[in-house]
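Computed from a predicted structure; not experimentally measured. First listed ligand is number 1; within each ligand, the first listed atom is number 1.
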Amino acid sequence: MKLNIACIEGDGIGPEIVTEAKKILDKVALVYGHEIVYTNVLLGGASIDVHGVPLTDEAVEAAKAADAVLMGSIGGDTTTSPWYKLPPNLRPEAGLLGIRKALNLFANLRPAVLYEELSDACPLKKEISSAGFDMMIMRELTGGLYFGERHTTEENGIRKAVDTLTYDENEIRRIAVKGFDIAMKRKKKVTSVDKANVLDSSRLWRKVVDEVAVDYPEVTLEHMLVDNCAMQLVKDPAQFDVILTENMFGDILSDEASMVTGSIGMLASASLNDSKFGLYEPSHGSAPDIAGKGIANPIATILSAAMMLRYSFDLDKEADAVENAVKSILKKGYRTIDIMSEGCTQVGCKEMGDLLADEIN
Ligand code: NAD
């Protein structure tokens, strides 16, 4: 199979971690007989330095021409970098928001996995963390409260602010379909999270999710109120497979689920549109404090590349091989500095990439 991948190295540790992710993809291509064509795309600070803007039309076109986008991360030290003296619409983050919008990426996927070997990093009690967990938070990314009409007024000396939460059934249906499709590739369970006891938008959400579920008889669907879900994530995270939810609830719950794993360098993510196209990036930022030191953990980016294989190219066997390589290397006791613990062997970014590539045969 030919894989056309646009590569955004970005800023800070971005080039280091993307180099290792490409190393893994190249090894997968070699072992499983695929051909990969990479196109480099500038975004964020790297684009500001060359073009004066964080995102160009050419960058958008190059990303659109690819089958999928692999990204490191963008941005610099927000207190010292000259990029942050620019007006907000010319800063690195504006490039990221711009490309997500231009590519119509409405579905955000954030897996939260507790690896047995890293369970000490989990802040939950041993009796809860020992069960491990492997969930996918599926968040609607382009609708709801963050995109609704808003205004601030003053009436009779009283300041008043209004935000509106709107969803139409098409917006709900397309994310629900993605959620069920992804559950079919996993443990076939969807927990749809809403606030249907209070909000009309949630009552519509629940109805449309029920309608979509009819087409997926193999998937078990449950509905859960968002406040209960926030509690269940720390009480019994092992119960979840796919959590399907709207924009603001997903923003909060995905951060909560990530933190429960305790390891920022391990957290992958993907944003998809309604075709197979997606942008795959680690959940963490560009870590300017460790950029260029060769110590960054490349695993979040490598696991994002595995998601790309699974969700954009339907290469499940290849994705499994990458994920199994990560588990195996952790089991062998290799760790980057951020996940280091006593008795393990500390390795740098490049060595971790080499070790993982060697595991894929
Ligand atoms: P950060 O995630 O970059 O770093 C937080 C801490 O985690 C730092 O101590 C860093 O060294 C460590 N860390 C992060 N990733 C690591 C890795 N792979 N291996 C080892 N350690 C790692 O968050 P921040 O410091 O708040 O932000 C830095 C820059 O990143 C800012 O400019 C911010 O805007 C940007 N950012 C970008 C994205 C993105 O591109 N999607 C996301 C978040 C933050």
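More than 12 heavy-atom neighbours from other residues, nucleotides or ligands sit within 6.0 angstrom of NZ on K187.
Annotation: cation-pi pair K22/Y38 present, NZ/CZ under 6.0 Å from the ring centroid and within 45° of its normal. Cation-pi geometry between R174 and F106 is met: the NZ or CZ atom falls under 6.0 Å from the ring centre, inside 45° of the normal.
Within 4.0 Å of ligand 1, counting heavy atoms only, the contacting residues are I13, M71, S73, I74, G75, G76, T78, Y84, E93, L96, I264, E281, H284, G285, S286, A287, P288, D289, I290, A296, N297, D338.
Minimum interatomic distance between L25 and I36 (heavy atoms only, all atoms of both residues): O-CD1, 3.5 Å.
Contact check on R100 versus E281 returns a salt bridge, with a Lys/Arg side-chain nitrogen under 4.0 Å from an Asp/Glu carboxylate oxygen. Salt bridge annotation for K23-D26: absent, with no cationic side-chain nitrogen under 4.0 angstrom from a carboxylate oxygen.
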